J.: 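Sharing a structure below in structure tokens format, with a few things to ask.
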Amino acid sequence: MTILHFINSFGEKRLGGAERNIYNLVKLISNSSKEKNIIVSRNGIWIYCKNNNSFKKDLNKNFFLITEIIKNIYKNNINNIHVHSNGHYIFLGYLIALIIKCRLIIKITRVGEGSLINRNKDRLFNFKLSIKRLLFRYICKSNLVYIHIMSISCLEILSSYSKKIIIFPNLIKRGYFDPNIKIKDSFLISSRLIRRKNIDLSLDNLINLNIKNIKIYVLGDGPEGSRLRKKYKNQSVSFLGYLEHENVYDFYKIAENFINLSDSEGMSNSLIEAMSFGCKCIVSKILENIYTAKNYAIYYEKGDDFNSKIMESIKLKPKEISNYANSKFSLDYFDSKKLGELYKIDNSNFSSW
């Protein structure tokens, strides 16, 4: 049997959070079953190779990606289509699932303004987004469609869309906490540099702490990068740009604190990775963060006294934070039986769907 994964950005030079999620998820699937995994993106089609834990691109030169998808549908016995991107891939996946009568699993990647699911009223009316949301509601009513969420944070909202909801978290590589290499008064921001991530808010709060030897590291790039570098040019902020993920781990290892004041998330990869390395985390008070980190992080709302949040974070115990995150989200500890809930596969190395 085959699982067909749809993800818009897979295959690009820079590996983002969504792509890392795919790698970790597919590795778990392959270690737990004989399911074949194929990735479809705007950049082509990839087949997972278990022997070297990598994806091999299908190099057949067809004029249209859709012809490659059709070829793979007929060549492989597909039992699940898993959509990891919002937008047109959901509707393409739905059409294919109807034709071949397989399960369609739609992952809710984010809850907030501009996404398919938002618990607050959008500030500006968006006709295109409104149409997508209506179509999404319609698709959710199909018996073939399941909704994948990463925590129970949006379960109540989605209960009006569908009763077929699966809770399955993002997965990470295990992190290791070493108190001997943590740098005192160091703060890490690891994020795409876009407006909803509120990098200005994080940096302003940190700079206003007036800590003499503060070290602030900002990892990542994006459309806000140039403006932020100019704004904080003469401040104690190191903008390190995009780093390969193994190099990002080096900063999780040494950072004492992690900051993420984003307006919205699905499940923040950077948060659970930072926790796995024992970082004390101060994050925005949104349900997605609260259900992810529980009482192992400090929660901030706009207007709060940030200095008081720093004082609260002193009480956090890094070793306990690391143990919690690794036991909940790392591949080393994750219970592979939960794949049965997501894909209806069992642990007998064959599909039971």
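Remember, it's a predicted structure, so these values are computed and weren't measured experimentally.
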J.: Compare all side-chain heavy atoms of Asn86 with those of Phe136 and state whether any distance is below 4.5 angstrom.
T.: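 Contact flag for Asn86/Phe136 side chains = no.
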
J.: One pair to check against side-chain contact (heavy atoms from CB on, under 4.5 Å): Ile152 and Ile167. What are the steps and the verdict?
T.: CA-CA 7 Å; Ile152 63 172; Ile167 302 172; 3.2 Å; yes

J.: Run Arg229 and Glu224 through salt bridge (charged side-chain N to carboxylate O under 4.0 Å, His left out) and show every step you take.
T.: CA-CA 9 Å; Arg229 285 182 175 87; Glu224 291 283 283; over 6 Å; no

J.: For Asn289 versus Tyr299, what's the shortest heavy-atom pair and its separation?
T.: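 Heavy atoms of Asn289 and Tyr299 come nearest at O-OH, 3.5 Å.
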
J.: State yes or no: do Tyr324 and Phe177 share one hydrophobic cluster built from I, L, V, M, F, W and Y residues joined by side-chain heavy-atom distances below 4.5 Å, directly or via other members?
T.: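 Hydrophobic grouping puts Tyr324 apart from Phe177.
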
J.: Search all heavy atoms of Leu261 against all heavy atoms of Ser202 and return the closest pair with its distance.
T.: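 Taking Leu261 first and Ser202 second, the nearest heavy atoms are CG-OG, 3.4 Å.
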
J.: Do any N or O atoms from the side chain of Ser115 and from the backbone of Gly112 form a donor-acceptor pair under 3.5 angstrom?
T.: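 Judged by distance alone, yes, a pair lies under 3.5 Å.
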
J.: State which residues pass side-chain hydrogen bond (donor to acceptor under 3.5 Å, both in side chains) with Asp304; sequence neighbours excluded, sorted by chain then number.
T.: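 Counting only residues at least two positions away or on another chain, Asp304 forms no side-chain hydrogen bond (donor to acceptor under 3.5 Å, both in side chains).
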
J.: By the definition side chain to side chain contact (heavy atoms under 4.5 Å, CB included), identify the one residue from Asn79, Val26, Thr2 that meets it with Glu35.
T.: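 So, applying the side chain to side chain contact (heavy atoms under 4.5 Å, CB included) to Glu35 and each of Asn79, Val26, Thr2, only Asn79 qualifies.
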
J.: Taking only Lys NZ, Arg NE, NH1 and NH2, and the carboxylate oxygens of Asp or Glu, determine whether Glu246 and Lys173 approach each other closer than 4.0 Å.
T.: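 The answer is yes: the pair qualifies as a salt bridge.
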
J.: Spell out, as yes or no, whether a donor-acceptor pair under 3.5 Å connects the side chain of Tyr232 to the backbone of Asp200.
T.: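 Checked: pair present.
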
J.: Does any N or O in the side chain of Ser276 come within less than 3.5 Å of the main-chain N or O of Ala325, such that one atom is a donor and the other an acceptor?
T.: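 Flag not set: sc Ser276 to bb Ala325 has no pair under 3.5 Å.
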
J.: For the atom pair CD1 (Ile282) and CG (Asn205), what is the distance rounded to the nearest 0.5 Å?
T.: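 So the CD1 of Ile282 and the CG of Asn205 are separated by 9.0 Å.
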
J.: Decide side-chain hydrogen bond (donor to acceptor under 3.5 Å, both in side chains) for His5 and Asn37; before the verdict, give the C-alpha distance in whole Å, the side-chain angles of both, and the deciding distance to 0.1 Å.
T.: CA-CA 7 Å; His5 302 269; Asn37 291 272; 2.9 Å; yes

J.: Do the two ring centres, one from Phe187 and one from Phe258, sit under 6.0 Å apart?
T.: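 Not under 6.0 Å, so no.
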
J.: Any sub-3.5 Å donor-acceptor pair from Lys101's side-chain atoms to Ala97's backbone N or O?
T.: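 Absent.
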
J.: Could you tell me if the side chain of Ile106 sits less than 4.5 Å from the side chain of His148, heavy atoms only?
T.: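 Side chain of His148 against side chain of Ile106, heavy atoms only: no contact under 4.5 Å found.
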
J.: Please examine the side chains of Leu135 and Phe91, heavy atoms only from C-beta on, and report whether any two atoms are closer than 4.5 Å.
T.: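 Of all side-chain heavy-atom pairs linking Leu135 with Phe91, at least one is under 4.5 Å.
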
J.: What do the steps show when you test Glu288 against Arg119 for salt bridge (charged side-chain N to carboxylate O under 4.0 Å, His left out), and what is the final call?
T.: CA-CA 12 Å; Glu288 283 62 52; Arg119 55 175 62 90; 3.0 Å; yes

J.: Backbone N or O of Ser142 within a donor-acceptor pair of the Lys164 side chain at under 3.5 Å?
T.: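 Side chain of Lys164 to backbone of Ser142: a pair is present.
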
J.: Is it true that atom NZ of Lys338 has more than 12 heavy atoms of other residues, nucleotides or ligands lying nearer than 6.0 Å?
T.: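 It does not: Lys338 NZ has 12 such atoms or fewer within range.
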
J.: Testing the basics here: between Lys132 and Gly87, what is the closest heavy-atom pair and its distance to 0.1 Å?
T.: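 Result for this residue pair: NZ-CA, 4.1 Å.
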
J.: Whether the side chain of Lys141 engages the backbone of Tyr161 through a donor-acceptor N/O pair (distance < 3.5 Å, no angle test) should be reported.
T.: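 Side chain of Lys141 to backbone of Tyr161: a pair is present.
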
J.: Is it the case that the side chain of Ser327 and the backbone of Asn323 share a donor-acceptor pair, with hydrogens and angles ignored and the cut-off at 3.5 Å?
T.: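 Checking the backbone N and O of Asn323 against the side chain of Ser327, a donor-acceptor pair under 3.5 Å is found.
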
J.: Centre-to-centre under 6.0 Å for Phe55 and Tyr23, is that the case here?
T.: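 Distance test on ring centres: under 6.0 Å, yes.
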
J.: At what distance, to the nearest 0.5 angstrom, does CD1 of Ile172 lie from CG of Asn21?
T.: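 Here the rounded value is 10.5 Å.
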
J.: Please answer: with hydrophobic residues joined when any side-chain heavy atoms are less than 4.5 Å apart, are Ile157 and Ile108 in the same cluster?
T.: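 They do share one cluster, since a chain of ILVMFWY contacts under 4.5 Å joins Ile157 to Ile108.
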
J.: To the nearest 0.5 angstrom, please state how far the NZ atom of Lys253 sits from the CG atom of Leu188.
T.: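 These two atoms lie 13.5 Å from each other.
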
J.: Side-chain contact test, heavy atoms from C-beta onward, threshold under 4.5 Å: evaluate it for Ser191 versus Ile199 and give yes or no.
T.: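 With C-beta onward as the side chain, the pair touches.
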
J.: Do Val218 and Leu228 belong together in a cluster built from hydrophobic side chains that touch within less than 4.5 Å?
T.: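 As far as the 4.5 Å side-chain criterion goes, Leu228 and Val218 are connected within one cluster.
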
J.: Any side-chain to backbone donor/acceptor pair from Asn198 onto Ser262? Under 3.5 Å, distance only.
T.: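 It does not hold such a pair.
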
J.: May I have the step-by-step check of side-chain hydrogen bond (donor to acceptor under 3.5 Å, both in side chains) for Asn118 and Asp122, ending in yes or no?
T.: CA-CA 8 Å; Asn118 188 10; Asp122 290 326; 2.6 Å; yes

J.: Could you tell me which non-hydrogen atom of Pro318 sits nearest to which non-hydrogen atom of Gly278, and how far apart they are?
T.: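 So the two residues come closest at CB-O, 3.2 Å.
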
J.: For side-chain hydrogen bond (donor to acceptor under 3.5 Å, both in side chains), just list the numbers for Ser264 and Arg110, CA-CA rounded to whole Å, side-chain angles, deciding distance to a tenth of an Å, and then say yes or no.
T.: CA-CA 7 Å; Ser264 60; Arg110 184 170 67 86; 2.7 Å; yes

J.: Testing the basics here: between Met150 and Met267, what is the closest heavy-atom pair and its distance to 0.1 Å?
T.: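 The answer is O-CE, 3.3 Å.
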
J.: Say you draw a straight line from CD1 of Ile216 to OG of Ser238; how long is it, rounded to the nearest 0.5 Å?
T.: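 Reported value, rounded in 0.5 Å steps: 8.5 Å.
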
J.: Is a side-chain donor-acceptor pair under 3.5 Å present for Asn52 with Ser54?
T.: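 On atom types as modelled, these side chains qualify, holding a pair under 3.5 Å.
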
J.: Once rounded to the nearest 0.5 Å, what's the spacing between atom CG of Asn307 and atom CG of Leu206?
T.: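 Here the interatomic distance stands at 11.0 Å.
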
J.: Find the distance between OG1 (Thr109) and CG (Asn8) and round it off to the nearest 0.5 Å.
T.: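 The OG1 atom of Thr109 sits 11.0 Å away from the CG atom of Asn8.
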
J.: Closer than 4.0 angstrom, basic N to acidic O: yes or no for Arg196 and Glu113?
T.: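 No, Arg196 and Glu113 are not salt-bridged.
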
J.: How about Ile7 and Tyr89: do any of their side-chain heavy atoms sit closer than 4.5 Å?
T.: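 Counting from C-beta outward, Ile7 and Tyr89 never come under 4.5 Å.
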
J.: What heavy-atom pair brings Val248 and Ser190 nearest, and what distance separates the two atoms?
T.: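 Closest pair (atom of Val248, atom of Ser190, distance): CG1-OG, 4.0 Å.
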
J.: Are Asn170 and Lys107 close enough that some pair of their side-chain heavy atoms sits under 4.5 Å apart?
T.: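 Asn170 reaches Lys107 side chain to side chain.
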
J.: Do side-chain atoms of Ser41 reach the backbone of Phe10 as a donor and acceptor pair under 3.5 angstrom?
T.: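 Yes, Ser41 side chain to Phe10 backbone: donor-acceptor pair under 3.5 Å.
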
J.: Identify whether Tyr217 and Tyr249 are in the same connected component of the hydrophobic contact network (ILVMFWY, side-chain heavy atoms under 4.5 Å).
T.: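 Shared cluster, yes.
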
J.: Who pairs with Glu156 by salt bridge (Lys or Arg N to Asp or Glu O under 4.0 Å), at least two apart in sequence or on another chain?
T.: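 With sequence neighbours excluded, Glu156 shows a salt bridge (Lys or Arg N to Asp or Glu O under 4.0 Å) to no residue whatsoever.
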
J.: Decide if the gap between the ring center of Phe306 and the ring center of Tyr300 is smaller than 6.0 angstrom.
T.: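 Yes, the ring centres sit under 6.0 Å apart.
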
J.: Cation-pi check for Tyr343 against Arg103: NZ or CZ below 6.0 Å from the six-membered ring centre and within 45 degrees of the axis, yes or no?
T.: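 That pair does not qualify as a cation-pi contact.
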
J.: With no hydrogens and no angle check, do the side chains of Ser284 and Glu301 hold a donor and an acceptor under 3.5 Å apart?
T.: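 The answer is no; no qualifying pair exists.
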
J.: Could you see if Tyr138 belongs to whatever hydrophobic cluster contains Ile96? Use Ile, Leu, Val, Met, Phe, Trp, Tyr and a side-chain cutoff under 4.5 Å.
T.: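 The answer is yes; both residues are in one hydrophobic cluster.
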
J.: Taking Glu19 for the side chain and Gly16 for the main chain, is one N or O donor matched with an acceptor at less than 3.5 Å?
T.: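 Yes.
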
J.: Between Ile90 and Leu116, is any pair of side-chain heavy atoms under 4.5 Å apart?
T.: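 Ile90 vs Leu116: side chains touch.
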
J.: Please check if the number of heavy atoms outside Lys231 that lie under 6.0 Å from its NZ is greater than 12.
T.: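 Above 12, so yes.
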
J.: Consider salt bridge (charged side-chain N to carboxylate O under 4.0 Å, His left out). Of Lys302, Lys197, Arg195, which one does Asp263 pass it with?
T.: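 Only one option passes, and that is Lys302.
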
J.: Report yes if some heavy atom in the side chain of Ile47 is under 4.5 Å from a heavy atom in the side chain of Lys36; otherwise report no.
T.: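 Ile47 reaches Lys36 side chain to side chain.
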
